[in-house]
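Have a look at the structure below before the remarks.
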There are 2 protein chains.
Amino acid sequence: MPIYLQLMEQVKHAIETGALRPGEQLPSLRPLAEELVINPNTVAKAYRELAHQGVIELRQGAGAFVTDKAPTQDDAEKLKAAKVLVAQGIKRLRGRGITDDEIRRLVEAELNQSGGQKS
Amino acid sequence: MPIYLQLMEQVKHAIETGALRPGEQLPSLRPLAEELVINPNTVAKAYRELAHQGVIELRQGAGAFVTDKAPTQDDAEKLKAAKVLVAQGIKRLRGRGITDDEIRRLVEAELNQSGGQKS
DNA sequence: ATTACTGTATTATCTCAGTAATACAGTGCT
DNA sequence: AGCACTGTATTACTGAGATAATACAGTAAT
């Protein structure tokens with residue numbers, strides 16, 4: 001799994017658990033990159049994506065800040081419930097003899113069709 | 001979408017619709033490649049994958065043949081039903097405010113976890 | 001045995017996502 | 001203004017998957 005995606009998850013998780021709160025400033029690119037022993041551009045990409053998702057806000061020269069509409073603890077609950085739904089759905093599909101590859105293709109097709117955009 | 005995957009789909013579809021029947025020989029690599037204006041190796045890859053999935057059987061020097069346990073018209077029906085299930089599931093998830101990217105990640109995580117292998 | 005067809009194997013090329021290196025530009029404090 | 005910090009943009013490197021070029025090996029008919 002790409003580094004920048006892992007970082008995005010960690011940030012989201014930190015927000016969901018309250019370790020990072022709306023309005024609060026995130027660690028800036030270079031220090032964080034150095035701490036994680038990765039390239040600043042990789043952090044930048046993660047931040048850019050998070051900003052595009054509305055989770056954080058980037059202000060050039062100032063820093064990166066958690067948005068008001070960032071994922072809350074409630075959202076984490078929702079996601080957990082969704083995870084159960086997905087697990088059940090996949091179990092049913094498998095029970096009907098649908099292979100994993102076919103499941104992947106069906107999901108992808110459905111997402112791309114009905115108003116789908118790969119952010 | 002990779003050419004060899006598209007070709008795999010076409011072959012499966014041909015089998016499901018009865019255009020190609022169990023035991024019947026598929027067009028051989030080079031003629032088919034020439035007709036589709038693609039490289040024979042690409043056809044070979046598609047055939048190899050299909051053989052790995054048990055859909056067809058490859059006999060060196062002889063040709064490629066549809067297997068007995070290839071996908072039937074019934075399987076096509078099943079897949080259609082599965083498609084409906086997936087569509088419903090995704091609709092529900094979206095209704096709960098889950099984004100498409102999150103759906104993708106949930107599905108992938110679930111598949112990889114519970115006995116998942118990316119054939 | 002030869003011939004003309006099959007699929008197979010090996011190696012090289014192309015493409016693209018992810019990452020890295022480096023220079024650019026905005027903020028805010030003194 | 002100057003400085004030390006922010007994020008941004010451009011360009012290059014790298015690795016993996018897809019495709020291509022070419023040579024190899026098995027089959028079946030004559």
Side-chain angles (χ1 to χ4, degrees), chain A residues 1-11 14-15 20 23-67 70 100-101 104-105 108 111-112 117-119, chain B residues 1-12 14-15 20 23-67 70 100-101 104-105 108 112 117-119:
Chain A
M1 191 184 195
I3 299 174
Y4 80 97
L5 283 179
Q6 294 181 43
L7 181 53
M8 284 176 68
E9 284 187 26
Q10 287 181 17
V11 171
I15 295 175
L20 272 174
E24 194 172 349
Q25 179 167 7
L26 284 79
S28 41
L29 295 187
R30 281 161 258 254
L32 180 55
E34 186 177 2
E35 180 183 335
L36 301 178
V37 196
I38 61 181
N39 192 285
N41 275 317
T42 304
V43 179
K45 180 162 189 175
Y47 278 16
R48 211 182 314 131
E49 283 292 315
L50 286 170
H52 184 255
Q53 291 184 7
V55 176
I56 69 176
E57 182 189 1
L58 292 174
R59 290 205 289 272
Q60 180 169 347
F65 303 85
V66 180
T67 301
D100 284 11
D101 279 343
R104 270 183 255 267
R105 296 189 50 265
E108 197 55 38
L111 288 177
N112 288 339
Q117 76 283 0
K118 273 195 181 178
S119 65
Chain B
M1 192 184 195
I3 300 173
Y4 79 97
L5 283 179
Q6 294 181 43
L7 180 52
M8 284 175 68
E9 285 186 26
Q10 286 180 17
V11 171
K12 280 186 185 175
I15 296 174
L20 272 174
E24 193 171 349
Q25 179 168 8
L26 285 78
S28 40
L29 295 186
R30 281 162 258 254
L32 180 55
E34 185 176 4
E35 180 183 336
L36 301 178
V37 196
I38 61 181
N39 193 284
N41 275 317
T42 304
V43 180
K45 180 163 191 176
Y47 277 16
R48 211 182 314 132
E49 284 291 315
L50 287 170
H52 184 256
Q53 291 184 6
V55 176
I56 68 176
E57 182 189 1
L58 292 173
R59 291 204 290 271
Q60 180 169 347
F65 303 85
V66 179
T67 301
D100 283 10
D101 279 342
R104 268 183 257 267
R105 295 190 51 265
E108 197 55 38
N112 288 339
Q117 76 283 358
K118 274 194 180 178
S119 66

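To find a chain, count down the sequence lines: A is the first, B the second, and so on, and within it residues start at 1.
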From dT19(D), dT8(C), dT19(C), nucleotide with atom closest to Ile3(B) side chain: dT19(D)
Nearest atoms (heavy-atom pairs only) where Arg104(B) meets Leu111(A): CG-CD1, 3.7 Å
Nucleotide of dT19(D), dA25(D), dT8(D) approaching Gln60(B) most closely (side-chain heavy atoms): dA25(D)
Distance, rounded to the nearest Å, where Met1(A) contributes CE and dA17(C) contributes P: 17 Å
Length of the line joining Leu29(A):CG and dA23(C):P, which is rounded to integer Å: 18 Å
Arg48(B) CZ - dA18(D) C1' separation (whole Å): 12 Å
No-H, no-angle donor-acceptor pair, Arg30(A) side chain to dG7(D) base, under 3.5 Å: yes
Minimal non-hydrogen separation, Ile56(B) against Ala64(B), with atom names: CD1-CB, 4.4 Å
Rounded distance in Å - CG (Leu36(A)) to C1' (dA20(C)): 16 Å
For atom CD of Glu34(B) and atom P of dT6(C), their distance in whole Å: 11 Å
Side-chain donor/acceptor of Thr42(A) to backbone N/O of Tyr4(A), under 3.5 Å: no
Comparing Gly61(A) and Pro40(A) on DNA chain C - which has the more 5′ nearest nucleotide: Pro40(A)
Heavy-atom pair of closest approach, residues Tyr47(B) and Leu29(B): CD2-CD2, 3.9 Å
Given dG7(D), dT19(D), dT8(C), the nucleotide with the shortest approach to the side chain of Leu58(B): dT8(C)
Below 4.0 Å: OP1/OP2 of dG18(C) and any side-chain N or O of Tyr4(A): yes
Polar side-chain contact Asn41(B)-dA18(D) base: donor and acceptor under 3.5 Å: no
Mate of dT30(D) where both pairing distances stay under 3.5 Å, Watson-Crick or G-U: dA1(C)
Selected nucleotide, minimal atom distance to Ile38(A) side chain, candidates dG18(C), dT8(C), dA20(C): dA20(C)
Atom pair distance, as rounded to whole Å: OH in Tyr47(B) and C1' in dT6(C): 12 Å
Side-chain N or O of Thr42(A) closer than 4.0 Å to phosphate OP1/OP2 of dA20(C): yes
Any Asn39(A) side-chain N or O less than 4.0 Å from OP1/OP2 of dA21(C): yes
Exceeds 12 heavy-atom contacts within 6.0 angstrom, atom CD of Glu34(B): no
Nucleotide dG7(D), atom C1' - distance to CD1 of Ile56(A) in whole Å: 11 Å
OP1 or OP2 of dG18(C) under 4.0 Å from side-chain N/O of Lys45(A): yes
Euclidean distance, atom CD of residue Glu57(A) to atom C1' of dT27(C) [Å, nearest integer]: 14 Å
